Amino acid sequence: MPKKSYRQAINEAIRQEMARDERVIIMGEDISGGMGAPGEQDAWGGPMGVTKGIMPDFSRDRVLDTPITESAFIGCAAGAAATGLRPVAELMFVDFMGVCFDQIFNQAAKFKYMFGGKAVTPLTIRTMYGAGFRAASQHSQCLYPLFTHIPGLKVALPSNPYEAKGLLTQAIRDDDPVIVFEHKAMYDDEGEVPDEAYTIPFGEANVTREGDDVTIVAFGRMVNFANEAADNLEKAGISCTVVDPRTTSPLDRDTILETTEETGRLVVVDEAHPRCNMASDIVGLVSQEMFGALKAAPQMVTAPHCPVPFSPALEDIYVPGVARIEAAVRQAMGKGH
Amino acid sequence: MQLSRNDLLAAYRKMRLIREFEDAVHEEFSAGNIPGFVHLYAGEEASGVGICMHLDDRDAIASTHRGHGHCIAKGCDERGMMFEIFGKKDGLCGGKGGSMHIADLSVGMMGANGIVGGGPPLICGAALTAKTLKTGGVAVAFVGDGASNQGTTFESYNLAKVWNLPAVFVVEDNGYAESTASVWSVGGSQAARAAGFGMPCTEVDGHDFFAVWEAAREAIERARNGEGPSMLHVRLNRYYGHFEGDAISYKGEGEIERVKAEKDALMLFRNRVIETSLLDAGDMDAIDREVKERIVQCVTEAKAGASPTEADLLTDVYTSAY
Amino acid sequence: MSGVIGEIVMPKWGLAMQEGMLAAWSVKEGDTVGKGQEICDIETSKIANVFESPVDGKVRRLVTGAGETVPVGYLLAVVADDSVSDADIEAHVAHFKETFVVEDGGDSGPVPETVDTASGRIRYLAAGEGDGVPVILVHGFGGDYLSWLMVQADVSQGRRSYAIDLPGHGGSTKEVGHGNVGALTNAVCSFMDAMKIDKAHFVGHSLGGAVCLDMARNHPEKIESGTLIAPAGLGPEINMDYIDGFIREKRARKLRPYLELLVNEPSLISSEMVEEVIRYKRLDGAEAALNTIASACFQGGHQTLEMVERVQRMKTPLNVVWGENDRILPVAHADGLPDTVPVTRLADTGHLPQMERPGETVEAIRAMLG
């Protein structure tokens with residue numbers, strides 16, 4: 001299978017869906033770039049070059065550069081979705097949700113319910129998240145728990161290029177509003193990605209490692225760290241199951257519960273802040289559903305309860321890493337590990 | 001373009017239907033029969049009807065808290081609306097939306113909106129759909145003078161302008177955002193704001209159906225012809241409080257009564273068509289009787305309608321598998 | 001042989017294998033092993049299998065430990081008789097480690113290509129060079145070119161070989177027309193036309209075996225010989241539980257039991273193999289193609305096309321390999337074949353002889369290549 005980067009995988013998913021369905025349009029700030037400027041057109045292809053080359057192939061009628069006006073264009077995408085298009089809007093950094101959240105959580109997410117089931121809102125929002133980029137407090141957050149909280153939204157966190165193409169394709173074809181979280185440190189990650197279009201269903205976790213001792217549930221970029229930790233621990237004789245839920249909403253409760261029951265130990269790795277995040281959610285779920293099957297207290301590996309710091313010296317401590325995951329697994333294993 | 005006799009009858013009937021509907025809701029709410037809270041459109045009928053007369057099912061509108069009139073004007077079923085306001089299963093939204101979220105996308109009504117300024121970005125979306133799919137459709141955002149101060153509204157003016165969208169922004173200025181007077185809360189003027197975004201703006205007396213109809217015709221034609229967005233600044237009055245139960249102590253003494261006596265939209269319409277011999281008083285009297293009966297029937301049935309059950313609680317959250 | 005140190009190294013299974021993980025040893029230091037004896041389990045990214053000793057002798061050192069991943073060609077163990085001193089063994093191992101270089105670093109072997117044919121896009125993996133009549137390898141229901149991972153290199157000496165993905169499968173078009181054997185045969189003919197191949201030796205597995213038989217019946221001028229591995233088309237029975245489960249199940253844990261029906265030893269089914277199948281089934285059109293093929297080829301739970309009667313009249317030399325424990329297509333289907341068709345029945349083997357018994361399978365194929 002051909003190797004592609006996370007960036008290429010996303011670009012390919014968008015292109016294939018635009019070619020497949022003329023109702024698919026994309027919009028966002030500088031997603032093509034150079035709009036109205038005298039110089040190069042398609043100058044950026046988005047701040048990370050993810051959508052580069054799509055405008056020349058599909059024209060400015062379907063690749064819409066927006067002014068810096070998140071409230072208007074995210075709301076516009078919601079309205080367009082409710083009236084017949086299948087827009088893919090890029091919210092450059094999820095941190096910018098502060099200026100458009102109403103359009104997502106009060107409007108798009110609730111149309112279906114408020115209107116008695118008669119609205120269909122096939123809206124996709126792609127957004128960048130995550131620390132590790134020296135981007136400081138307003139460009140580094142992992143705000144997916146906030147979106148996960150809202151009924152009516154679906155939330156996907158692709159952990160590698162294969163997942164990125166399949167989950168984004170599913171998001172675009174899905175008839176509900178979906179927020180796809182792309183970790184900004186993963187755009188150059190490479191992996192095998194089929195040339196053909198494919199979808200990965202939402203709410204179906206991917207078990208990336210199967211082991212007997214500890215179940216590690218991890219999200220987005222943290223899945224890769226969890227895999228690395230599991231491989232290291234394997235050599236030390238601790239065998240881990242690693243679960244990538246793929247989507248936080250819907251959440252594959254069954255796979256989390258089944259795999260945790262098999263091992264009796266749980267470690268959840270979540271790059272988000274610790275209060276009301278996915279780690280606390282899953283530990284709560286497991287505690288309620290299968291307390292008796294637990295051999296040890298569940299462990300949570302998360303970012304601390306502070307804004308993302310700028311200084312590399314601080315940010316490197318802030319982001320959960322392989323060593324912390326290994327330590328949490330050993331903690332769950334108890335004495336002698 | 002002229003209004004035919006049938007157009008005039010239809011316009012009068014819609015305005016009367018809105019008035020009767022809102023008066024009935026006022027009465028039922030006062031009697032404690034309607035849950036939650038409601039915001040009534042009585043007094044503003046000429047605006048919604050005068051504008052929506054130019055629209056068809058290709059076209060979309062987004063409304064405000066004060067949405068009942070826009071819904072009726074755009075073609076929502078008044079019986080389903082009444083059921084909805086009573087929270088009944090056969091309501092237009094299954095009783096899940098209520099007064100503030102009545103919508104019917106099949107007739108291009110994108111919803112009353114509980115968020116002040118929630119509608120204009122959505123209308124940019126509907127206009128983008130029309131433009132992209134070349135449906136010939138136009139999208140109209142109704143906002144109050146309150147929403148006219150929201151950032152979402154300004155951003156939408158700008159987006160509609162730079163994308164040259166087939167959109168019309170209607171500022172229904174009834175003089176008060178909740179209890180706060182627009183003479184105080186609105187800096188500059190609506191027209192100057194429109195000019196700032198390069199949009200034409202027409203100021204119009206919202207009690208005068210014919211004035212609204214004419215101004216709307218120009219703005220909607222402009223949008224339909226691909227000439228971009230416009231604004232209508234419609235000055236009007238609401239007869240009831242911001243919400244039902246509002247004592248309206250902030251209005252001047254006799255303010256509402258004066259408007260009712262001198263500028264009531266239905267009265268002005270009636271006088272005008274009789275003076276110009278376009279319709280007979282008898283035609284309109286017949287409509288008044290028919291509409292009254294219709295609304296009584298809607299209220300009676302809505303009161304007796306079944307409530308949704310627990311089985312309905314978790315449905316309609318998602319469209320596809322969850 | 002007295003005084004000689006024998007090396008057992010990580011084998012190269014398949015064209016793309018670069019490294020393997022030694023999952024477990026089944027022998028220990030001091031044991032005497034014979035050639036062909038199962039000595040360890042090896043897992044690659046594509047396959048898990050037992051490894052048989054290539055040499056005789058007494059195991060003196062297990063150099064690669066269980067759980068370690070090492071490159072192809074790396075030392076797993078050394079054998080030698082007692083006349084060799086421990087010091088010499090140590091020196092030998094140390095020398096190996098010092099001088100070992102990874103072969104073809106960075107080369108992951110040949111990559112599949114695609115060709116546009118009259119039947120749509122066909123993906124294939126080509127290997128081998130030479131003037132010999134080429135070989136075309138045709139996988140079974142739900143498979144792809146990777147079915148031939150363990151054998152393709154060994155049947156490509158002195159000739160070109162093409163492991164193709166049938167329509168509806170792998171990286172080929174998902175348009176399968178009626179989805180019957182005839183439609184698949186037509187696609188193979190289209191592939192040959194597009195690649196300018198006049199005639200080829202065919203190797204077909206399962207449904208691919210039926211395609212080879214159909215080729216021999218309707219296009220004898222294009223087929224030099226046919227090696228049929230657990231072929232469809234020779235009897236009515238087929239395990240529809242397998243077919244239905246293969247199509248239906250989307251999750252690894254649910255799908256695995258069905259894939260395990262394919263083999264005699266379930267551990268042969270690696271997680272990666274299960275994942276590959278799931279990934280394939282997610283491709284646009286794959287599921288619809290499988291359903292179309294299944295209902296055309298196995299209508300009402302029986303094989304639609306039966307050719308055993310016609311084999312008598314076929315001029316094409318044929319050869320059959322079948323696992324005695326095949327749980328998908330019964331080995332008894334081979335009983336009705338005429339004596340002119342040699343049948344190799346493999347004990348302790350399921351429906352995938354080319355994976356489970358690659359050595360014997362290669363031997364059977366080579367017998368037809370001349």
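As the structure is a computational prediction, the values presented were derived from the model and not from experiment. Order of the sequence lines sets the chain letters (A, B, ...), proteins ahead of strands, with each chain counted from 1.
- Heavy-atom contacts from other residues, nucleotides or ligands closer than 6.0 Å to CD of Q288(A) number 12 or fewer.
- Annotation for F243(B): atom CZ counts as buried by contact number, over 12 foreign heavy atoms lying within 6.0 Å.
- For M35(A), no part lies near chain B; criterion is any non-hydrogen pair under 4.5 Å.
- S106(B) and K118(A) share no donor-acceptor pair across their side chains, judged by distance under 3.5 Å alone.
- S249(A) touches chain B through backbone and side chain together, each having a heavy atom under 4.5 Å away.
- In this structure, the side chain of Y318(B) engages the main chain of L153(A) through a donor-acceptor pair within 3.5 Å.
- With chain A as partner, the option from A103(B), C93(B), G94(B), A62(B) having the largest number of non-hydrogen pairs under 4.5 angstrom is C93(B).
- Heavy atoms closer than 4.5 Å to chain B are found nowhere in F202(A), neither backbone nor side chain.
- Rounding to the nearest 0.5 angstrom, the gap separating the CZ atom in F111(A) from the CE atom in M110(B) is 5.5 Å.
- Other residues, nucleotides and ligands contribute at most 12 non-hydrogen atoms within 6.0 Å of the CD atom of E178(B).
- Of the N and O atoms on the side chains of T315(B) and Y113(A), not one donor lies less than 3.5 Å from an acceptor on the other residue.
- Other residues, nucleotides and ligands contribute only 12 or fewer heavy atoms inside 6.0 Å of the CD atom of E22(A).
- With rounding to the nearest 0.5 Å, the separation of CG in D316(B) from NZ in K110(A) is 15.0 Å.
- Side-chain atoms of D175(A) and S320(B) include no donor-acceptor pair closer than 3.5 Å.
- Looking at A321(B), the atoms closer than 4.5 Å to chain A (heavy atoms on both sides) all sit in the backbone: N, CA, C or O.
- The environment of E289(A) atom CD is dense: over 12 non-hydrogen atoms of other residues, nucleotides or ligands sit within 6.0 angstrom.
- Distance check, rounded to the nearest 0.5 Å: CG of L159(B) to OG1 of T69(A) gives 6.0 Å.
- Using a 4.5 Å cut-off between heavy atoms, N106(A) contacts chain B through its side chain alone, with no backbone atom that close.
- Summarising the geometry, atom CE belonging to M100(B) is positioned 10.0 Å from atom CE belonging to M114(A); distances are rounded to the nearest 0.5 Å.
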W163(B) and T66(A): CA distance, side-chain angles, deciding distance, side-chain contact (heavy atoms from CB on, under 4.5 Å) verdict: CA-CA 9 Å; W163(B) 280 355; T66(A) 69; 3.5 Å; yes
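- When the candidates C76(A), G36(A), G116(A), S71(A) are compared by the number of heavy-atom contacts under 4.5 Å with chain B, C76(A) comes out ahead.
- Of the residues considered (I115(B), L105(B), N158(B), L92(B)), I115(B) shows the highest number of contacts with chain A, using heavy-atom pairs under 4.5 Å.
- With a threshold of 4.5 angstrom between heavy atoms, I68(A) does not approach chain B through any atom at all.
- Atom OG1 of T247(A) is separated from atom OH of Y322(B) by 8.0 Å, given to the nearest 0.5 angstrom.
- Of the atoms belonging to D252(A), not a single heavy atom falls under 4.5 Å from chain B.
- Contacts with chain A (heavy atom to heavy atom, under 4.5 Å) involve these residues of residues 120-137 of chain B, listed by number: P121(B), L122(B), C124(B), G125(B), A126(B), L128(B), T129(B), T132(B), L133(B).
- For N113(B), the part sitting under 4.5 Å from any heavy atom of chain A is the side chain, from C-beta outward, and nothing else.
- Each of G203(A), A78(A), P151(A) has some count of heavy-atom pairs under 4.5 Å with chain B, and the biggest count is that of P151(A).
- The contact between V317(B) and chain A is made by backbone and side chain atoms together, counting heavy-atom distances below 4.5 Å.
- Counting heavy-atom pairs under 4.5 Å between each of I74(A), D61(A), D174(A) and chain B puts D174(A) at the top.
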